[in-house]
Number of protein chains: 6
Amino acid sequence: MERLCVFTGGANQSLARQICTHLGIKLSPLEISRFSNDNLCVRVLANVRERDVFVVQSFTEPVNSHIMELFIIMDALRSASAKRITAVIPYFSYARSDKKDAPRISITGRLMADLIKKAGANRVLTIDLHSDAVHGFFSMPVDHLTAVPLIAAYINKHMEFSKAVAVATDAGGAKRVGKFAAYLNIPMAIIDKRRIEDTLVTQGLVVGDVRSKTAIIFDDEISTGATLVATAQTLALAGVKNMIMGATHGVLCGQATANLASTDVEKFVVTDTVHIEDFKKTDQLKILSVAPLLAEAIKRIHTGESIGELFENGKLPRF
Amino acid sequence: MERLCVFTGGANQSLARQICTHLGIKLSPLEISRFSNDNLCVRVLANVRERDVFVVQSFTEPVNSHIMELFIIMDALRSASAKRITAVIPYFSYARSDKKDAPRISITGRLMADLIKKAGANRVLTIDLHSDAVHGFFSMPVDHLTAVPLIAAYINKHMEFSKAVAVATDAGGAKRVGKFAAYLNIPMAIIDKRRIEDTLVTQGLVVGDVRSKTAIIFDDEISTGATLVATAQTLALAGVKNMIMGATHGVLCGQATANLASTDVEKFVVTDTVHIEDFKKTDQLKILSVAPLLAEAIKRIHTGESIGELFENGKLPRF
Amino acid sequence: MERLCVFTGGANQSLARQICTHLGIKLSPLEISRFSNDNLCVRVLANVRERDVFVVQSFTEPVNSHIMELFIIMDALRSASAKRITAVIPYFSYARSDKKDAPRISITGRLMADLIKKAGANRVLTIDLHSDAVHGFFSMPVDHLTAVPLIAAYINKHMEFSKAVAVATDAGGAKRVGKFAAYLNIPMAIIDKRRIEDTLVTQGLVVGDVRSKTAIIFDDEISTGATLVATAQTLALAGVKNMIMGATHGVLCGQATANLASTDVEKFVVTDTVHIEDFKKTDQLKILSVAPLLAEAIKRIHTGESIGELFENGKLPRF
Amino acid sequence: MERLCVFTGGANQSLARQICTHLGIKLSPLEISRFSNDNLCVRVLANVRERDVFVVQSFTEPVNSHIMELFIIMDALRSASAKRITAVIPYFSYARSDKKDAPRISITGRLMADLIKKAGANRVLTIDLHSDAVHGFFSMPVDHLTAVPLIAAYINKHMEFSKAVAVATDAGGAKRVGKFAAYLNIPMAIIDKRRIEDTLVTQGLVVGDVRSKTAIIFDDEISTGATLVATAQTLALAGVKNMIMGATHGVLCGQATANLASTDVEKFVVTDTVHIEDFKKTDQLKILSVAPLLAEAIKRIHTGESIGELFENGKLPRF
Amino acid sequence: MERLCVFTGGANQSLARQICTHLGIKLSPLEISRFSNDNLCVRVLANVRERDVFVVQSFTEPVNSHIMELFIIMDALRSASAKRITAVIPYFSYARSDKKDAPRISITGRLMADLIKKAGANRVLTIDLHSDAVHGFFSMPVDHLTAVPLIAAYINKHMEFSKAVAVATDAGGAKRVGKFAAYLNIPMAIIDKRRIEDTLVTQGLVVGDVRSKTAIIFDDEISTGATLVATAQTLALAGVKNMIMGATHGVLCGQATANLASTDVEKFVVTDTVHIEDFKKTDQLKILSVAPLLAEAIKRIHTGESIGELFENGKLPRF
Amino acid sequence: MERLCVFTGGANQSLARQICTHLGIKLSPLEISRFSNDNLCVRVLANVRERDVFVVQSFTEPVNSHIMELFIIMDALRSASAKRITAVIPYFSYARSDKKDAPRISITGRLMADLIKKAGANRVLTIDLHSDAVHGFFSMPVDHLTAVPLIAAYINKHMEFSKAVAVATDAGGAKRVGKFAAYLNIPMAIIDKRRIEDTLVTQGLVVGDVRSKTAIIFDDEISTGATLVATAQTLALAGVKNMIMGATHGVLCGQATANLASTDVEKFVVTDTVHIEDFKKTDQLKILSVAPLLAEAIKRIHTGESIGELFENGKLPRF
């Protein structure tokens, strides 16, 4: 592993450090500063010639600044003759812009994929993209990991429930929830958000049978939690017994803490793909770490071992 | 329109001719032949210098041969100094390969998008891609039309039903069916294809309320109809009143004719994005034409008028 | 001019509006918003098919967000089939990162040039890049205008002085000041910032004759004004009669307002390439507008007239 | 050789297996299937991360399907992080489309070279391209082997003749036959296919002296054998003693078997660059194997030894 | 034609001027100079924004300097916002490097095609490339004209002969001579340059019947004329009645004038694709002009008329 | 070092040989010849498969021919499967064309950077580019060395002076001289070349204090020495005690030898980045070798050691 280096931008420093711990190496040093005109300046502080370099950076708030940091770090590494650069993006937020559902908008997920390449990335390592097809936006090899088995395994082991149903917050999430439900071997339901009649505007309609069951809401990310509040109300009206929620990316922005607390959801199980500040941590929130998963993937990318094996047969992972 | 030319490969000659009729121009001539070693040979038989050229070709059986035809036609046009080449692909079949759901497979939808560009396309005009994100696979402007309002309008006008529900054949189709249901202002349901218990293997589970309703199954394409047979049985067991099906692409390959006839579905409403041979046409099958839609889009692309307007406000189109 | 559109990002809205006034057209509408996860979302609100589109955006604070806005606007325009996209960047701040003066840093000016192209720009229109060679970072046509004659003409006409000398704030600015001095037909001097002896650390050394003269300090930008304070002190020690300063880009960030007020410089003549908030405007600060210059250039780019003529023979411009 | 993998498409499975035997490795597994809509689906069944991968596929009937297979296999390998992909194309059929001898046609040989690269190939290994210049169509390293010495050596050793002449079937083949004749140290002749007088339409004219000699016809490929029938008649009329034919690629399509049998040519010496079905094998047909040649080239590409040495001094090869 | 501009490098100034005369426009001005360090400097002296620009330059001695001139002229035009740049290369000398006939050499014809594009060309217009496949080296549209009918028509009309034979100077030229012979409706022969027996080293062997006929030697270019001297001797020994020679490119370098004079060839018919200095002009040398042909092609490229029509049906052109 | 190869073009053969001596390897063989039509032909005479290859070539007279040599050598190496190609360009002359200081000219430094890449270079190794920003013209890693400390160290050790001043020959050189002056810890001055008054046309004006001091003129290159003659006269008039000159590139073209001899400059200290013929060597000229510097850099590039360390802390190098 002597020619392997891991760097990090400002978005996930603690995750990057944990990854390094799992790899048994030190985080490589770099210096990020700003000129008085707000321009970023990056200095890589270790020799990277002919090294296999990984740069950890999630696209979290301030998103554009963090993305630009990643671009400039990679450009510095490339011009410093790194042998290969892998952008490790645990949370690739612009993946939500994956289609053109209004005229004259940008499919920004694709734009970012192109810019990441232009800025110097040779590969990408990421977790639970908003939709699987976003993988195809990249014109370089992508290792697309999933934390779904990790979350499913945690819920399976630590949460008590007899009759459960996996719930998607909208029709677009049905496929993701279908996979999640398969891991837990439970049925599924979806919230159909359309306006059905004039008097039923803000409420979604529950498609599927949830009455007297434990509803395990599942989504790729929790951001402000605003839609979640509505979803929880809809499910309560539909007569669920209790609620749990799982999501890979705990973005938790804006009024998230207050919104989450206001619901009857017993537990929110997320991962650390997004850095969560201490003040947001509550008993209601369980944070699982993807550091072992990312460390294992980095090791295998570096040595040329199969990553597919990690996920074969839909088995729950050993982490 | 004097500098506008429309050519066609072998896959949709009658559709191409109808498009030209709507545009008030003649189909431009080309000659496709094969050398004795099975290599394709294309001769463009009209001057295309500085012309705005559209090539119509669906990716239908034999798929690879039809795709290669498109590539070679576009290469011939490009080297003959066409000003701009738009690949008009009413049915882009490889869009179904839009993700990596097994290790070491190709996201062939993206590969095709890249090859289409390399072969000379400057733009793409297509209809109802398998998933919206496939739009983002292309690194050139794409006009992605939809025939969903066309089909919804037909069903609304010509089919009789009081209480209806739109049904997705699997979780992955939930989003598409959600939009379709919105057009018709009816609720939705989905078939959850997972194996729930050991004794219920081949049957899907209906998520949502379908009992005593007219089930309007909706999908992007009907290929062999095999899954459809299973879906119809599942819905019958769930107590639907009767069934109708809508789909943009009537691929109708293999045992499709027999399979469709064997179900209790009253009507299959599809479009002519795929050429349907006469022997497959039955009373059970209604074929709507996308020729007016494509002709209008081609005219607007050529003259620089907005195409977004065609679909604004989710209104049904005037065709 | 009917196929000409001007859009603007958030950085220079008033400048963009003035440009449109000079062109006799309306600013084209677009909508920039943020999702709850801090991702930008751009909707272009006018048909741009086959239009010749210009997007005005300076790289001002918050720099990375403004750059990303430009990228996403251009991507939306490109996918909406704009015929040609010109990025109008009155202040291209990353141009200062134009060399590798430390190991393992990024030449970010070049990186930005590459990303601007990748995001959809076909041309660039800019003013007074930090060094002339930055023009060569772009792999597309660049119209590189200068506001130096504008500033020189203003000083010549409105400021009184008998014996003047143009002063560069460091050796790197000597060439720029040489040109400026030539416009005014006065000699030049430079501040040599190196440490000459151990006891003379923070002070620069004046190279050239400034005693009893009006020193006209000239630079490409004024950011915090911190170095300017030192320069003014150095010049005062060297016995100048009085001081004026000219600079194209009035970045005026951080403690700029206080710093400028603390010096004995009588007048700061800048332009509006950077938007200057009202509270920063004082009698000491004269802001000239580049709107007529940019409008004229946009008109000529659109119609194919020469822009070189605008600057021929080193004559002061007619604006 | 532990990081060397050889895969094969459907066109030359037995050749690929023989190559592996010569290399002392096993053919790596992959699975090619078709979806019901005729779309190809490829699953690579071995870990290829950081491996040096070779994919064997000739462009034989069905040509377009075989080419697409190669593209999709390479795309799957690339996205599975293969270190380097070499397309081994023993018979590159589209090389015959190497010029624009009519207006508005495609130089499809060049198009295929571009698509092969876009689909993921880093290198190409091929044998006896239709013209040497086709090598220049590729924008990546090509190892262009020749089987001419192999065929010449066989004829020299196993066929009896005293006075022989090498014959080109048309003027375009003169150069190839010139080289072949040089290997055997015999004179050459060509068939000039033009219409010389009004009464001599279908017959070619023999340029050169063939009377009472053994004519050794040489070409790059034998496809239907139709032109060969005419050539043999022309040579018979010109008084040759007897005839032998050599060609690298035994395409043998259409009525080839019947056509070959109908001529007085004693022996056809070809190689196995194209898979020849058993029913086409006759005493008249001698098939030499290029497997040792390809295996040796693959070994040298993998280890970095010279391939040029294999052909130095125009010597016959040791295989 | 008001937006059409023709520029020229230093290689063919008189040809460029004649082309302009035929087009009824003035040659556009530019200035080529050299800095003291031998670096070229080009100043374009006319506004070319949005213009359709053609640059005439043959690759004649000093070849590398003339090529670099073309590159720098095109780069200046591109950065000056020319709308489209067509490199008009009447004699593309590196086309002779079109294959790899020795290990580790460059296929320089392809390299030049790539560099021409990189330097800014959008199209190429050229005449009689050494081999037809060189057309395929370019990744942009090429109009590949031929002067063969021009030369054939001249010989047919002005030279007297009863029984003639077209002669290729080596096997590689057989195809070109085949076409030439077809224009004149005469048979062909080739000189086989290989060493047949130990005592016949330097002489070639005549393949075909030339005795008592007028030999019309045909080639793409005449450079030093050294091989021609040998060819003429070989043909004389073979008993030809008399000799004429045709070639598109009269390179006439080194001892060409002396060599040509030393042969018994009565007339050399060439064109002005290469500038021929006055001192090389003799009664033995007939120079036909390609200026009308190039002017017509430029006009058609500019206006979008067919160029293929110029050569249809193998008819002699009207120039 | 067994997989390291160094080749050279015709421009710096002795320097390349010295580099090899320092590396302890032999210069790898290649053969450069010209066809009769002045086209270059390169044959690489050593196996380079999977080798790490460096090609030494300065851009010296005849510049265009030497550049083309480099292009063709690299293309041959690339197609011969070299693993990595580093263009070692000790003197990159076109770097002087680094801006657009007149309308419609080429920024040829950027054009050359692009062509070098297109021709096959993966990296560049160069010394003292005319301006630091030229580094940013390259879209591949560049190791940009400097010989300034080498020259400064020589002057410091071998030349005697008490009060010295570093002099830039024009404002554009101020920055370079600033760095040089910092190495020697002396003040600086510049020659301001503008016409100040009507009677002072050809003379420059000295900005800074040079009276009675040793003027150490410093520039990046000495070409004809013409401006140097003027500079020396200007400095003499300004009362300097004596003069020394340092420059990295001793281009010494045209009347350089005579011009240098005609000045009162005591010593010219240059390096061997440009090959200097014996007849130009005089006692006045001291030539330092960059061979150790380049050899060390090549070694570090090959093995992946840091090159930045060579220049850290502004220390004089150990060579």
Side-chain angles (χ1 to χ4, degrees), chain B residues 1-4 23 50-54 82-89 92 110 113-114 116-117 121-127 129 131-146 293-314, chain C residues 1-7 25-33 35 37 39-55 68 70-87 114-123 139-140 301-304:
Chain B
M1 313 282 260
E2 93 196 76
R3 295 231 152 185
L4 169 69
L23 286 168
E50 302 302 310
R51 301 306 191 268
D52 190 14
V53 179
F54 294 77
K83 182 172 193 157
R84 187 172 66 170
I85 299 171
T86 300
V88 181
I89 308 172
F92 181 78
R110 169 65 198 255
D114 284 345
I116 287 165
K117 185 175 187 192
N122 303 111
R123 313 180 49 89
V124 163
L125 172 60
T126 188
I127 300 182
L129 292 168
S131 76
D132 286 342
V134 172
H135 189 148
F137 288 1
F138 291 88
S139 50
M140 56 189 150
V142 173
D143 286 301
H144 182 195
L145 307 178
T146 177
L293 182 63
L294 288 170
E296 182 69 22
I298 287 171
K299 185 177 78 68
R300 287 170 180 243
I301 291 168
H302 180 63
T303 58
E305 290 168 83
S306 169
I307 284 185
E309 283 174 12
L310 283 177
F311 297 97
E312 256 162 32
N313 310 318
Chain C
M1 312 282 261
E2 94 195 74
R3 296 232 151 184
L4 170 69
C5 298
V6 176
F7 289 90
I25 62 173
K26 279 198 184 162
L27 188 64
S28 291
L30 57 72
E31 191 183 282
I32 303 174
S33 56
F35 292 114
N37 63 2
N39 282 12
L40 286 167
C41 175
V42 170
R43 276 195 69 170
V44 172
L45 299 171
N47 178 27
V48 296
R49 283 186 186 260
E50 303 302 311
R51 302 306 190 269
D52 189 15
V53 180
F54 294 77
V55 187
M68 209 63 92
L70 175 64
F71 291 170
I72 297 173
I73 292 170
M74 293 197 301
D75 187 54
L77 290 166
R78 172 175 51 182
S79 84
S81 304
K83 183 174 192 153
R84 186 172 66 171
I85 300 171
T86 301
D114 284 346
L115 298 180
I116 288 166
K117 184 174 186 190
K118 193 76 194 169
N122 302 111
R123 314 179 48 87
S139 50
M140 56 188 147
I301 290 169
H302 180 63
T303 58

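The chains referred to below are lettered A, B, ... by the order of the sequence lines, with proteins before strands, and numbering in each begins at 1.
Under the rule for a ring pair (Phe, Tyr, Trp, His ring centres under 6.0 Å), C:Phe7 has no partner lying at least two apart in sequence or in another chain. Residues passing the side-chain contact (heavy atoms from CB on, under 4.5 Å) test with B:Ala82, sequence neighbours excluded: B:Val48, B:Val53, B:Leu77, B:Ile85.
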Between chain B and chain C, which donor-acceptor atom pairs come closer than 3.5 Å, counting both backbone and side-chain atoms?
unit_1: C:Arg3; atom_1: NH2; unit_2: B:Thr303; atom_2: O; d: 3.2
unit_1: C:Asn47; atom_1: ND2; unit_2: B:Gly304; atom_2: O; d: 3.1
unit_1: C:Arg49; atom_1: NE; unit_2: B:Glu305; atom_2: O; d: 3.4
unit_1: C:Arg49; atom_1: NH1; unit_2: B:Asp143; atom_2: OD2; d: 3.3
unit_1: C:Arg49; atom_1: NH2; unit_2: B:Asp143; atom_2: OD1; d: 2.4
unit_1: C:Arg49; atom_1: NH2; unit_2: B:Asp143; atom_2: OD2; d: 3.4
unit_1: C:Glu50; atom_1: OE2; unit_2: B:Arg84; atom_2: NH1; d: 2.9
unit_1: C:Arg51; atom_1: NH1; unit_2: B:Gly304; atom_2: O; d: 3.3
unit_1: C:Ser81; atom_1: OG; unit_2: B:Arg123; atom_2: NH1; d: 2.9
unit_1: C:Ser81; atom_1: OG; unit_2: B:Arg123; atom_2: NH2; d: 3.0

